[in-house]
Amino acid sequence: ARHLVRKCPAPVWVMGPRGHGARQRLLVAVDRDIFPATATPRDMAGRLVDAAVALARGQPASVHLAHAWQVYGAELMEDPGLGLDAASLEAYVDGQRYSHHLWLEELHDALRARLAIRSDFSLETTTHLVEGEAAEVLPALARRLSVDALLLGTLGASRAPGVLIGNTAEEILGRAGVPILALKPPGFESPLISPGA
């Protein structure tokens, strides 16, 4: 399963121990790039939500849009040579958290507009901004919410922003304990397929 999630160009559906067929509560993991900004995260989130809508099959369901974030430069913040006081550090962390919050809410607004265009009002959406390593906090969130499936975008290397890289997706796969649907971004070239094949 991990090999397929990393290298298969098609969507990969991995059943978990709770794969009982219900698709009423879906967790969609989205990621963002910091510098430079691109459209990839928003495009990937749109594809993931479309997949969630398809999985719900028109029945009343909820989509939980989740973004795991970490403080940029956290490893430098404890350096006494920088001379940062507690208030400055707190303001820096709050600023980063707010930036991620705004990005997630803008994405949520765009996705709700997408659902309105489809006239799909049976699907409820909500957001979860969680701090920490994605491989740790996303499986924990999936368990806490008792989701029926986790949807994520993945790539075997860190070339494309906005998608969880291969190692992270594989760690989530091993820890989530729920079915996982892994999608690749457009243009993904699988190492399993030789050029020109």
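Below, all heavy atoms of this structure are taken into account, side chains as well, without hydrogens, waters or symmetry copies. If you're wondering where the values come from, they're calculated on a predicted model, not measured in any experiment.
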(message) Apply side-chain contact (heavy atoms from CB on, under 4.5 Å) to residues V12 and L181 and explain how you reach the verdict.
(response) CA-CA 6 Å; V12 176; L181 178 62; over 6 Å; no
(request) Identify which one of T125, T127, T126 satisfies the side-chain hydrogen bond (donor to acceptor under 3.5 Å, both in side chains) criterion when paired with H108. (result) T125
Is any side-chain heavy atom of [X] closer than 4.5 Å to a side-chain heavy atom of [Y]?
X	Y	result
V137	L141	no
L129	W103	no
L152	L183	no
Y92	V71	yes
Q70	E133	yes
V28	V30	yes

Spatial distance of atom [atom1] ([X]) from atom [atom2] ([Y]) [nearest 0.5 Å]:
X	Y	atom1	atom2	result
D94	H101	CG	NE2	12.5 Å
E124	H64	CD	NE2	8.5 Å
E136	L138	CD	CG	10.5 Å

(request) Would you mind checking if D50 and R47 are paired as a salt bridge, meaning a charged N to carboxylate O distance below 4.0 Å? (result) no
Please name the pair of heavy atoms, one in [X] and one in [Y], separated by the smallest distance, quoted to 0.1 Å.
X	Y	result
A29	L48	O-CD1, 3.6 Å
P139	A134	CD-O, 3.5 Å
W69	V93	CH2-O, 4.1 Å

(request) With I180 as reference, evaluate L151, L150, L27 under the side chain to side chain contact (heavy atoms under 4.5 Å, CB included) test and give the passing residue. (result) L150
(message) Tell me whether R175 contacts the main-chain N or O of A135 through its side chain, where contact means a donor paired with an acceptor under 3.5 Å.
(response) yes
(message) Keeping D148 on the side-chain end and Q24 on the backbone end, is there a donor-acceptor pair under 3.5 Å?
(response) yes
(message) Is it the case that the ring center of H128 lies less than 6.0 angstrom away from the ring center of H67?
(response) no
